[in-house]
Amino acid sequence: MTDQNSETKTAPTNFIRQIIEKDLAQGRHARIVTRFPPEPNGYLHIGHAKSICLNFGIAEAYQGDCQLRFDDTNPAKEEDEYIQSIQRDVSWLGFEWAGDVRYASGYFDTIYDCAVELIKKGLAYVESLTADEMREYRGTLKAPGKPSPYRERSVEENLALFEQMKNGDIDEGAAVLRAKIDMASPNISLRDPTLYRVRKIHHHQTGDKWCIYPMYDFTHPISDALEGVTHSLCTLEFEAHRPLYDWVIEHCALPAAPRQYEFARLNLNYTVTSKRKLKDLVDGGYVGGWDDPRMPTIAGLRRRGYTPASLRKFCEMVGVARADSVVDMGMLESAIRDDLNQNAPRAFCVLRPLKLVIENLPDGHEEMLDAPVHPQNEALGTRKIPLTREVFIDREDFLEEANKKFKRLVLDSEVRLRYGYVIRANEVIKDAAGNITEVRCTYDPDTLGKNPEGRKVRGVIHWVSATRNVPCEVRRYSRLFNEANPDKVAEEGLTFLSNINPDSLESLPAALAEESLLGALPETRYQFEREGYFAVDRDSTTEKLVFNMTVGLKEGF
RNA sequence: UGGGGUGUCGCCAAGUUGGUAAGGCAACGGGUUUUGAUCCCGUCAUCCGUAGGUUCGAGUCCUGCCACCCCAGCCA
């Protein structure tokens, strides 16, 4: 324990790990088992990454297991596409679940047996009230509920009715199975919660075997117990359900007694972390899909250029606690900058090309200049950049007049072409409308790899050969919403959609990258010097590369 | 007096037998620099929602108050 890198320097500490360490120390558990239990009704987002890192991170830290289980009890909302995407995302993040993928639906037989067991114990009954009636009988937050007229049906009648529900002899909505707990409980989730409902629809895993499906509150504790989960970690909104979780564990004959612990979900400003809202963005065509680079989904962040390590680092930075919080987007950006600054190869890419002619270079001149792949890591070697008589620089790097603060090219003054020579701008060519179309310059041949004598050249700009380059489209992104909290709407009746930033995508279709990027594969990441970090998009073709800006460089002035 | 939670720097977040406020992000100074980046050095809570109390001593214990979040799906 002498030399530790930045990713392990500060071992994560949080209240859940403390509970686990205590449980281990007291011999309560010999082995820790956690689980990540998504419902396959949407793509995973950055908030899920927090849960994934927590659950899998704990399994790694204590040499236990973390299982992947699909919480698929509501076939009406679930799809196989999501089952696939979720597995892809978890794997991509760098985690391996223990054993096979599990499905709550795989436990439907046992869950059904538990229900029968509860009925026999007089702890569950078939309700024949309608949903509306049930709501009335439930009472309110401040007023207790009252017992249903069907609450005292006999065990035999309940058994027969439940059997009928299972056999499809009872219509959807005509009956549900409820736990018999306490209609006057101050905790509403204990006022005879629904355990099973009738849904005569096809299930993506169990087909048409069932027409009754168990509710989350009944399914989850049973699934956890069957899998030997020791610590069932979920978000704060399930806290009020914990007594029900414990009730199920206590009253059903289960092989283990897992415990539920809750932590605060992740919120990020200027975006949304809610599967429902993300689905609205996709279905409404506000973004290109679940993996649109502007989406805070794992798939979107991946396409944007985020690395698995950066997302893990971010989750570690954010921590795990019980206080509601909203994390600043800047922290996510810091995590990816830190990773890419260390690991991304450097390259030149001119986003808005402006032609520059070096008049004292002959036509057809070609000179291969050496540039390091990574200035801070010589081991990565060098790349060749061709210098020709005509090159392109970024329009924003030239001004006819500027004050001393402007460290780029100005008419009648000098700047260095990075990894090349110092040049001087002598003349500006404009079109009829007055737009600058070309800058004529001369270069100083005695400035390659050394400073000119007797004068200081402060600026350095990137550039690309006008004849040897690769055309590309660069897509730059800014925040998806104009409000830090997208749910804060200007006037009543509006939704978070009213806060969408209409300018979150900016395309630069005529960018030119250095020749060495030819043939770069999707998801390859680069730092475009002086611009930021970019990743090759899968929309790239052999004629034109497409880049997504992951994040810009910090701007220090 | 419905129940359950949470309040420590602009944003996260440590602080676990009370002993005199970690760290990260951001920000701000300065240095290095052929990326206005990186890197390096430094600054950044006499105060822990608030008012009292206990104590030699409280973010940590007690009492009152305030603010915010969650719960009335046959969603998860």
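Letters A, B, ... are given to chains in the order of the sequence lines, protein chains preceding strands, and every chain is numbered from 1.
The shortest distance between the side-chain N/O atoms of A/Arg337 and the OP1/OP2 oxygens of B/C25 is not below 4.0 Å.
If you take CG of A/Asn14 and P of B/G15, they are 9 Å apart, rounded to a whole angstrom. Put simply, CZ on A/Arg242 is 17 Å from P on B/G3, counting in whole angstrom units. Between the P atom of B/G36 and the CG atom of A/Leu553 lies a distance of 9 Å, rounded to the nearest Å.
If you check every strand for non-hydrogen atoms under 4.0 Å, A/Phe15 touches nothing. Across all strands, A/Glu239 comes closer than 4.0 Å only to sugar-phosphate atoms, never to a base (heavy-atom distances). In this structure, A/Lys405 reaches the bases: a heavy-atom distance under 4.0 Å links it to at least one base atom across the strands shown. Residue contacts shown for A/Val198 are absent, as no nucleic acid heavy atom lies under 4.0 Å away. The residue A/His241 sits close to a base: some heavy atom pair falls under 4.0 Å. Residue contacts shown for A/Val176 include a base, since a base heavy atom lies under 4.0 Å away. Heavy atoms of A/Pro375 sit under 4.0 angstrom from at least one base atom. A/Leu236 comes within 4.0 angstrom of no nucleic acid atom, judged by non-hydrogen atoms across all strands. Looking at heavy-atom distances under 4.0 Å, A/Thr140 makes contact with a base. Contacts of A/Ala321 with the nucleic acid, taken as non-hydrogen atoms under 4.0 Å apart, involve only primed sugar atoms and P, OP1 or OP2. A/Met215 comes within 4.0 angstrom of sugar-phosphate atoms only, judged by non-hydrogen atoms across all strands, and of no base. A/Gln527 comes within 4.0 angstrom of a nucleotide base, judged by non-hydrogen atoms across all strands. Across all strands shown, A/Arg138 has heavy atoms under 4.0 Å from sugar-phosphate atoms exclusively, and none from any base. Base engagement by A/Lys450 is indicated by at least one non-hydrogen atom pair under 4.0 Å involving a base atom.
For B/C74, there is no paired base (Watson-Crick or G-U wobble, both distances below 3.5 Å). In this structure, B/C48 forms no base pair with any nucleotide, since neither Watson-Crick nor G-U wobble geometry is met with both distances under 3.5 Å. Pairing for B/U6 goes to B/A67, judged as Watson-Crick or G-U wobble with the two contacts each under 3.5 Å. Base-pair partner of B/U55: not found among the strands shown (Watson-Crick or G-U wobble, both distances under 3.5 Å).
Nearest to the side chain of A/Val460, among B/C11, B/C12, B/U34, sits B/U34. The side chain of A/Arg418 lies closest to B/U34 when the candidates are B/U34, B/C75, B/G24. For A/Tyr419, whose side chain is taken as the heavy atoms from C-beta onward, the closest listed nucleotide among B/A72, B/U34, B/G36 is B/U34.
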Please lay out, stage by stage, how A/Leu68 and A/Gln87 fare under the test side-chain contact (heavy atoms from CB on, under 4.5 Å). CA-CA 8 Å; A/Leu68 173 63; A/Gln87 294 183 58; 4.0 Å; yes

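Rounded to the nearest 0.5 Å, atoms CD1 (A/Ile58) and CD (A/Glu21) are 9.5 Å apart.
The six-membered or imidazole ring of A/His220 lies near that of A/Tyr216, with a centre-to-centre distance under 6.0 Å.
For B/U34, the base has a donor-acceptor partner in the side chain of A/Arg416 [N/O atoms by modelled type, under 3.5 angstrom]. One can find a donor-acceptor pair under 3.5 Å joining the base of B/U35 and the side-chain atoms of A/Arg346. For A/Arg408 and B/G36, a side-chain-to-base donor-acceptor distance below 3.5 Å is present, hydrogens and geometry of angles not being considered.
When only modelled atom types and interatomic distance are considered, A/Glu39 and A/Asn41 share a side-chain donor-acceptor pair under 3.5 Å. A side-chain donor from one of A/His241 and A/Asp217 sits under 3.5 Å from a side-chain acceptor of the other.
To the nearest whole angstrom, the two P atoms, one in B/U8 and one in B/A51, are 16 Å apart. Distance check on atom P: B/A14 versus B/G49 gives 15 Å, rounded to whole Å. Separating the C1' atom of B/C61 from that of B/A22 is a span of 23 Å, rounded to the nearest Å. Spacing of C1' atoms, B/U6 relative to B/G73, comes out at 26 Å, to the nearest Å. B/U54 and B/A72: their P atoms are spaced 44 Å apart (whole Å).
Between A/Tyr443 and A/Tyr421, the ring planes are perpendicular. Angles over 60° get that label, and only those under 30° would be called parallel.
Judged by the 6.0 Å and 45° rule, A/Arg178 forms no cation-pi pair with A/Tyr125.
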